[in-house]
Amino acid sequence: MTSRSEALIELDGVRKSFGDTEVLKGISLNVGKGEAVCVIGPSGSGKSTILRTINGLLPVDEGFIRVGEHRVHELRSDREMRPLRRQVAMVFQQYNLFPHRTVLENVAMAPVQVLGHDPEEVRERAVRLLAKVHLDGKESRYPGELSGGQQQRVAIARALAMQPEVILFDEVTAALDPETVKGVLETIRELVVEGMTCVLVTHEMRFAREVSHRVCFTDHGRIVESAPPAELFDAPQDPRTREFLAQVL
Amino acid sequence: MSLRNALLASLSGVLLLGTLGAHADTLEDIKARGVLTVGIKNDYQPYGYLNDQGQNVGFEIELARYIAAELLGSPDKIELVPVVAANRIEFLNTGRIDLVMATLGVTPEREKVIDFTVPYVSAAGASILARKEAKFTQWEQLRGQNVCGIQGSFFNKTVTEQYGIRLVNFTALPEAYRGLKDNRCVAMAFDDMSLRKKLEEPGWEDYKIAVEPYEYLPMAGGVRKGDEAFLEAVNAAIVKAEGENKLIEWERDYDMPASEYIAQRAEAARSASE
Amino acid sequence: MVINPSYEQRKRLLLVGILLTVIALVLVDAARGGSAEWSRVIARLPLLLTGSAQGWPITGGFLLNVVMGIASMAIATAVGTLLGLSLLARRRLVRQPAFVVMNFLRNAPWLVVLFAMLYLLPYRLTLLGVTFEFSPLAKAIIGLSLPTAANFAEVIRGAVQSVHAGQWESARSLGYSTAQIYRRVILPQAFRRMIPGWMNLYALLMIATSLATVTGVQEVVTLLRTTLSMESETTLVYFYLAVLAMFFAYCYPIALLARRLENKTKGDSL
Amino acid sequence: MFGLDFTWLLDPTYQGWLVEGVWITLQLAAVSSLAALVIGLFGALGLTLRLWWLDALIELFVEVFRNTPPLLQMLFFYFTLTQLGFTIEDPVTGLQQPLFNAFFSASVSLSLFGGALCVEAFRSGLDAVPKATLEAARSLGYGRWALFRRVQAPIATRICLPGLTNVLTNLFKTTSQASVITVPELMYAAGQVYNDTFRTLEAMLLVLVIYVALVSLLSWALLRLERLFAYPGYGQGV
């Protein structure tokens with residue numbers, strides 16, 4: 001396990017409620033640089049909420065969150081969040097591409113408009129990244145013309161174009177047809193191998209086992225068990241983990 | 001909660017409205033501008049109407065031009081703004097015009113919101129136009145009946161309150177006449193002079209003035225309240241015109257029956273100046 | 001529902017048929033003595049259309065309605081955009097007053113707002129040494145533009161809110177500021193969905209310009225009412241039909257186009 | 001304060017005019033709303049029959065009334081129907097009296113105008129019932145009428161309620177135009193008052209507030225109705 005001081009991401013005692021329902025009941029989690037951490041657990045256990053607190057899309061009620069030198073729990077306004085978000089990219093279940101922009105523009109617009117990078121340089125980067133996610137030739141298509149899996153790979157390229165230190169993956173294969181899932185997972189696997197820090201929320205147990213360095217099992221707003229995949233899947237310690245794995249495997 | 005919001009909005013609307021307009025000294029203003037703006041009728045023979053050449057002419061127009069000549073030195077330093085009953089007071093009080101000379105009867109209600117000049121004519125008030133076979137001859141006989149009228153006539157309230165007449169008030173005169181012809185009302189109440197003119201037109205042979213006016217009232221010009229210097233100047237001009245027998249001349253020019261009222265005022269004006 | 005492809009065509013055919021029949025009836029009527037009435041309408045047509053018997057310049061009539069409609073729409077678009085964006089503001093201090101104003105104007109009858117403006121605005125207003133003149137026409141334009149602006153604000157709000165929430169999330173994760181998100185992501189998508197609402201509103205506004213008759217503006221209904229005092233009773237129906245047809249001929253195509261666009265944009269949400 | 005003077009409100013004659021004005025406005029709105037709903041219902045029902053000629057006739061009706069000014073429609077009904085022979089002989093005087101008085105003309109005209117808008121509202125409600133739901137019902141063996149009564153209509157009524165709210169508030173606001181054809185409703189009463197008192201601004205502000213309050217009340221009540229009838233978890237916030 002990564003020690004606190006070396007960790008790139010650090011969550012401690014994070015609590016979050018929506019109205020009367022407490023979704024996170026004290027989450028603590030460290031993610032080291034270059035580490036790939038999978039978060040698994042039954043739906044409604046707060047997995048996606050954890051991701052959204054890390055890049056400040058959801059403010060927390062209580063607790064400590066640090067990403068690099070950013071103390072996320074202390075950031076109040078969107079303006080203060082912006083430097084953080086440039087370091088933390090996110091890929092969504094519903095891809096959330098911009099339907100009014102071509103594939104290439106989707107990838108290249110934010111680095112130019114937000115980071116102020118040179119448009120020519122960003123263009124080259126975007127073309128390279130699209131090739132990397134095996135979408136060369138689709139640059140001038142619109143998102144609506146692509147399959148779900150292709151759109152999701154554009155979304156990954158868009159995240160990479162920001163040159164982030166961390167990428168958060170929020171159930172990125174849940175909305176995809178089975179035959180397109182493979183390409184997306186392959187792309188993510190390549191990123192992990194290259195040493196990108198990743199936090200993934202996923203239902204793909206086999207993928208979690210293969211790709212991640214560590215797996216966290218969440219239930220009812222708590223991290224019940226956290227261990228390397230081999231340990232967690234083969235010898236779960238907590239009865240709840242066992243029960244869950246028995247159901248999904 | 002929409003209701004609370006609505007009330008809030010209306011309250012703030014009311015608060016936002018300060019007093020707008022409010023001119024201090026009209027006499028100074030018009031002398032600086034070099035033009036007198038007068039609200040007049042353009043559809044009301046003989047007081048103010050359009051002649052065949054499309055020019056504004058009439059008894060009141062002559063008087064207005066006379067006043068302009070007195071105040072500014074030329075009868076042409078005048079801007080004539082056509083007004084109707086429903087907007088003439090509004091035009092005056094919001095500053096669109098400086099003076100109303102548009103068959104304006106002197107009534108206590110109006111006295112509350114504007115100042116009147118000296119009266120220059122005494123005119124008949126409302127009379128009743130009805131079909132020839134109508135039996136009524138008194139206002140009282142029309143109690144509870146539908147009578148066509150016009151929104152903004154000064155007698156509307158009196159007629160409703162005192163005689164219990166149910167007025168069906170149209171916004172435009174032609175429509176009121178049509179309402180009468182369609183028998184939507186048993187009669188039509190309007191200014192006596194206009195109704196008599198209407199009777200002379202073709203298509204109105206089956207109608208008559210059934211009830212005579214219940215009052216005569218003096219007509220005067222109107223100025224904004226508290227505009228002393230301007231009011232005095234206008235009054236002086238009117239009295240001067242009366243003293244010079246101008247009004248009697250115009251009365252003749254525009255085919256009006258010679259009225260005792262105007263003759264008396266001319267006499268009074270002369271004796272006052274002596 | 002399975003639609004027989006000829007169903008719509010047959011329907012269209014009947015509608016066109018009815019239209020042609022009406023025209024034919026008018027022509028037959030014109031040919032047989034009824035023409036006296038129609039010739040009166042035709043004689044007055046330049047007056048009703050442009051307010052002057054010569055047809056030029058425009059001093060009133062239906063073209064004045066068109067002018068009023070366009071001017072009011074321009075004002076309403078500007079004011080409504082501001083109001084609509086205020087409705088979406090995150091600050092309560094901005095959002096709530098905007099909401100109150102919008103609701104007030106939407107719940108007030110057009111006619112009453114028009115009247116209120118007539119008496120609320122001064123004829124002459126001197127602000128910082130500049131004198132503004134408010135003619136009855138200007139007042140009518142302002143009076144018509146206010147309820148339109150409120151309705152347009154609501155159109156904008158609806159269109160912006162119809163953009164999927166995921167767009168906000170993903171733009172925010174890319175580090176865009178709120179202003180940038182509006183400009184780069186939300187408004188370009190919302191814009192397409194606003195257009196049908198905007199056009200519908202224009203058609204509504206055009207119809208409402210007839211209310212300006214109460215302010216004494218020489219628009220077509222005013223002229224119609226004055227004209228009728230000079231014409232014989234038998235022509236009454238014909239004149240009314242002519243003016244109703246003017247409005248229909250102008251507004252129906254706009255409404256039709258708006259609906260087409262609406263159906264087209266309905267499907268393109270993500 | 002602010003140069004506004006509301007003292008005329010104390011005059012019983014003016015109070016009487018205004019109160020009667022509100023009462024007539026309410027009557028006019030109630031009568032024409034009911035009639036408009038009935039027209040709208042029959043129109044929408046007619047559309048579900050899918051007869052091409054009926055469809056065309058209904059569309060013609062809707063478009064004509066939607067795309068012409070209600071004010072002009074009202075003037076038309078008020079002035080020309082008499083001309084077209086809609087008159088009745090007065091037994092006493094033997095004169096031809098108009099069959100429709102101002103209130104009746106305004107009601108007819110507003111009902112037709114509102115009816116056209118209602119047909120549209122109902123129709124879009126019916127159109128918005130998800131095709132999948134209808135397919136599901138059909139595959140369960142529902143016939144055409146049963147499908148309409150048991151599935152399509154209940155869902156459609158709920159979907160079209162917001163649109164219907166718009167139509168009814170719109171209709172309520174449009175009643176103010178009846179003042180032009182001498183219906184003594186609120187707007188007419190206001191005209192009577194300010195033409196007498198010359199307190200135009202005050203009278204208009206008062207009337208504005210009354211209308212906004214009444215329309216707000218109406219839309220609030222309809223919103224309650226909407227919430228009351230909504231199926232839990234269905235069709236909200238989409």
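Treat the numbers as computed from the prediction; the structure is a model and nothing was measured. Numbered from 1 within each chain, the chains take letters A, B, ... in sequence-line order.
With rounding to the nearest 0.5 Å, the separation of CG in Asn101(D) from CG in Asn146(B) is 9.0 Å.
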Could you walk me through whether Tyr194(D) and Glu90(B) pass the side chain to side chain contact (heavy atoms under 4.5 Å, CB included) check?
CA-CA 10 Å; Tyr194(D) 73 68; Glu90(B) 212 55 45; over 6 Å; no

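Listed options Thr107(B), Asn156(B), Asp182(B) were ranked by heavy-atom pairs under 4.5 angstrom with chain D; first place goes to Asp182(B).
Closest approach of Lys157(B) and Asp11(D) over heavy atoms only: NZ-OD2, 2.8 Å. What you find for Gln151(B) and Tyr188(D) is that their closest heavy atoms are NE2-CD1, 3.1 Å.
The side-chain hydrogen bond (donor to acceptor under 3.5 Å, both in side chains) search around Arg143(B) returns none, not counting sequence neighbours.
More than 12 non-hydrogen atoms from other residues, nucleotides or ligands lie less than 6.0 angstrom from NZ of Lys132(B).
Scanning residues 159-171 of chain B against chain D with a 4.5 Å non-hydrogen threshold yields Thr160(B), Glu161(B), Leu167(B), Val168(B), Asn169(B), Phe170(B), Thr171(B), sorted by number. Of all residues in residues 109-118 of chain B, those placing a non-hydrogen atom less than 4.5 angstrom from a non-hydrogen atom of chain D are Glu109(B), Arg110(B), Val113(B). Of all residues spanning residues 174-186 of chain D, those with a heavy atom less than 4.5 Å away from chain B's heavy atoms are Val180(D), Thr182(D), arranged by number.
For chain B, the nearby parts of Tyr78(D) are the backbone and the side chain; heavy atoms of each come within less than 4.5 Å. In this structure, chain B has a heavy atom under 4.5 Å from the side chain of Leu75(D), while its backbone stays farther away.
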